[in-house]
Trainee: 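Here it is, the structure, as structure tokens.
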There are 2 protein chains.
Amino acid sequence: MKAIRFDGTLNYVQDAPLPKREGETLVRVLLAGICNTDLEIVKGYAGFRGIPGHEFVGRVEESEDRALTGRRVVGEINAGCNRCDLCRAGDSRHCPERTVLGIHGRDGAFAEFLSLPARNLIEVPDSISDEEAVFVEPLAAACRILEQVSIDTSSRVAVIGDGKLAQLIVRALAGTGCRLTLIGKHEEKLELAKRAGAHAAMVGMKFEDKFDTVIESSGSASGLDFALDMVRPRGTVVLKSTHHKATPLDTSRAVVNEITIVGSRCGRFQPAINLLAGRNVDVRPLISDCMSIEDGLEAFSKAAAPNSLKVLLRVNDS
Amino acid sequence: MKAIRFDGTLNYVQDAPLPKREGETLVRVLLAGICNTDLEIVKGYAGFRGIPGHEFVGRVEESEDRALTGRRVVGEINAGCNRCDLCRAGDSRHCPERTVLGIHGRDGAFAEFLSLPARNLIEVPDSISDEEAVFVEPLAAACRILEQVSIDTSSRVAVIGDGKLAQLIVRALAGTGCRLTLIGKHEEKLELAKRAGAHAAMVGMKFEDKFDTVIESSGSASGLDFALDMVRPRGTVVLKSTHHKATPLDTSRAVVNEITIVGSRCGRFQPAINLLAGRNVDVRPLISDCMSIEDGLEAFSKAAAPNSLKVLLRVNDS
């Protein structure tokens with residue numbers, strides 16, 4: 001099958017073997033999205049080798065769960081062992097034996113087909129288009145913040161970064177009614193945040209007050225230090241970015257100001273599906289480009305460009 | 001008056017001026033304790049110049065609050081502006097205009113006299129000796145953790161470090177009934193932790209399970225990275241140490257495992273006084289030495305030695 005592979009270098013291949021895994025479901029990928037984690041992977045993050053890609057919408061090709069066959073689905077990317085305490089408590093996202101689609105020990109979505117356990121797949125309602133459904137995974141990651149940090153109408157919240165994840169976070173948080181400010185570097189991306197209901201400010205702008213919660217989603221190693229500048233004493237910094245590099249942290253600042261730093265990763269899919277199905281969040285303005293998988297290398301280049309937001313790969317027709 | 005001063009180098013002086021501050025209370029220092037923060041200050045931490053020292057018990061020499069005069073007191077080290085929102089909410093520990101005794105903008109306790117606002121002073125019950133009272137400030141800092149993190153009998157808690165602060169943390173937490181393990185490098189300090197009711201383990205020992213909460217109080221820049229090794233997914237790391245150096249942090253580990261990192265600093269004095277007065281905590285085995293202020297430089301050297309715990313300075317007779 002056609003696929004984009006990373007083996008130290010990124011390549012488009014036509015002869016990748018079908019990803020058959022005992023007892024799992026085979027999914028024909030329709031659309032896949034390029035995430036910052038994918039861009040970090042090709043810089044060496046997580047030491048991954050194989051087919052990257054973890055944001056997708058697809059159609060079930062073959063499954064032991066007969067009811068799934070032919071259904072249009074999105075998929076939870078963490079495949080747990082299904083036996084440990086965490087998996088049995090429903091949290092396979094932190095199973096120590098887990099594989100992660102296109103990130104750790106499991107080929108991903110930049111291919112004609114992918115394999116996942118049937119329990120990882122969720123059917124997409126007809127009211128959500130392919131172009132929207134491919135955002136379920138990153139939007140779920142944005143919604144995850146609301147399960148970890150208490151945010152309400154009185155909260156002053158800053159989102160650092162203006163890229164795809166930052167834009168989704170703004171959209172996931174807008175419904176709380178909090179006082180939301182996105183801080184970024186690109187005029188047109190600030191405009192997008194404003195259209196989603198946030199205030200927006202260029203990096204370097206001075207603020208009279210510090211923020212209760214600062215969400216670091218810049219994808220830059222210096223973002224955490226900047227977040228510590230912006231947060232009030234006893235406030236919260238949420239870390240959403242994964243980098244390949246270690247970040248120098250003056251831990252004394254976190255101690256003296258008693259800052260809480262919350263690592264935040266994947267979220268449950270259902271809240272994200274609800275936001276999209278209810279038309280509470282419009283992700284379509286975040287699509288920069290949609291390219292064929294054959295042009296995958298060019299798509300990666302485009303996704304890495306500073307003015308870019310989400311670049312989608314069209315893998316199969318719907 | 002006699003004092004230990006830091007002006008780029010540490011010196012014993014006999015002619016320091018009396019610390020008179022308008023409207024404040026003058027305290028004759030009886031005993032003062034040397035803390036790791038003091039050792040960091042003489043390495044450059046916080047850019048402090050002047051008389052360090054923030055752990056003390058003293059007797060009120062002169063105060064506008066007549067009832068205080070002659071009383072034996074300990075003192076909250078943060079002196080807020082008394083006007084801002086934080087101060088008015090009772091949290092002058094985070095007032096942006098605050099001075100901090102012997103740490104920031106205010107001479108400290110390694111001197112015959114110190115000055116603090118009357119509202120910072122708390123009388124010490126007779127049942128608490130001078131040698132115990134001098135531990136109120138650091139024990140309050142240890143107790144602070146219990147206001148920030150939920151710890152109960154089911155919690156698996158590791159304390160990293162076996163120095164004075166780590167030992168106080170073990171003693172402050174023992175009352176929760178949590179499953180408590182101190183991880184350190186010095187056999188005799190591990191023994192002290194065991195006598196306080198904790199398990200104790202040498203660094204390098206393998207543990208079958210990760211910990212729910214890991215408290216970094218090693219005073220070492222590598223402690224945070226080690227803490228991230230020891231904590232379970234979605235667990236909590238508490239940062240208690242302040243260093244002069246930035247710490248390299250692989251933030252991706254905190255993100256992927258969704259770790260919460262909690263900066264923790266000063267605490268309210270009353271819980272610490274209660275623990276000492278109720279004989280729930282015995283701090284006396286933590287005293288390595290008690291030396292005269294004239295021997296303050298030697299006392300600093302002793303406090304920095306690896307086998308040392310708390311070194312006290314006797315400043316005035318009780």
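Here the structure is a predicted model, which means the values were calculated and not measured. Labels below follow one simple rule: chain letters A, B, ... track the order of the sequence lines, proteins then strands, and each chain is numbered from 1.
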Trainee: From B:Arg265 CZ over to A:Arg234 CZ, what is the distance, rounded to the nearest 0.5 angstrom?
Mentor: 11.5 Å

Trainee: Counting only heavy atoms closer than 4.5 Å, note whether B:Thr236 contacts chain A via side chain, backbone, both or neither.
Mentor: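 When you check distances to chain A, no heavy atom of B:Thr236 falls under 4.5 Å.
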
Trainee: Within this structure, what is the CD1-CD1 distance for the pair A:Ile259 and B:Ile261, rounded to the nearest 0.5 Å?
Mentor: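 Reported to 0.5 Å precision, the distance equals 12.5 Å.
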
Trainee: Give, as side chain, backbone, both or neither, the part of A:Arg144 having an atom under 4.5 angstrom from any heavy atom of chain B.
Mentor: side chain

Trainee: Looking at CG of A:Asp91 and CD of B:Glu258, how far apart are the two atoms once the value is rounded to the nearest 0.5 Å?
Mentor: 7.5 Å

Trainee: Would B:Val256 and A:Thr242 satisfy side-chain contact (heavy atoms from CB on, under 4.5 Å), going step by step from the backbone distance to the final call?
Mentor: CA-CA 8 Å; B:Val256 169; A:Thr242 44; 4.1 Å; yes

Trainee: Specify which of A:Leu249, A:Val100, A:Asn257, A:Leu224 makes the most heavy-atom pairs with chain B at under 4.5 Å.
Mentor: A:Leu249

Trainee: Count the heavy atoms belonging to other residues, nucleotides or ligands that lie under 6.0 Å from NZ of B:Lys210, then report whether that count exceeds 12.
Mentor: yes

Trainee: I'd like to check A:Thr260 versus B:Thr260 (side-chain heavy atoms, cut-off strictly below 4.5 Å). Are they in contact?
Mentor: yes

Trainee: Side chains of B:Arg232 and A:His94: does their closest heavy-atom pair fall under 4.5 Å?
Mentor: no

Trainee: Who among A:Cys266, A:Ser241, A:Ser264, A:Pro96 has the most heavy-atom pairs with chain B under 4.5 Å?
Mentor: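 Ranked by heavy-atom pairs under 4.5 Å with chain B, first place is A:Ser264.
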
Trainee: Would you mind checking which part of A:Gln148 comes under 4.5 Å of any heavy atom in chain B, side chain (CB onward), backbone (N, CA, C, O), both or neither?
Mentor: side chain

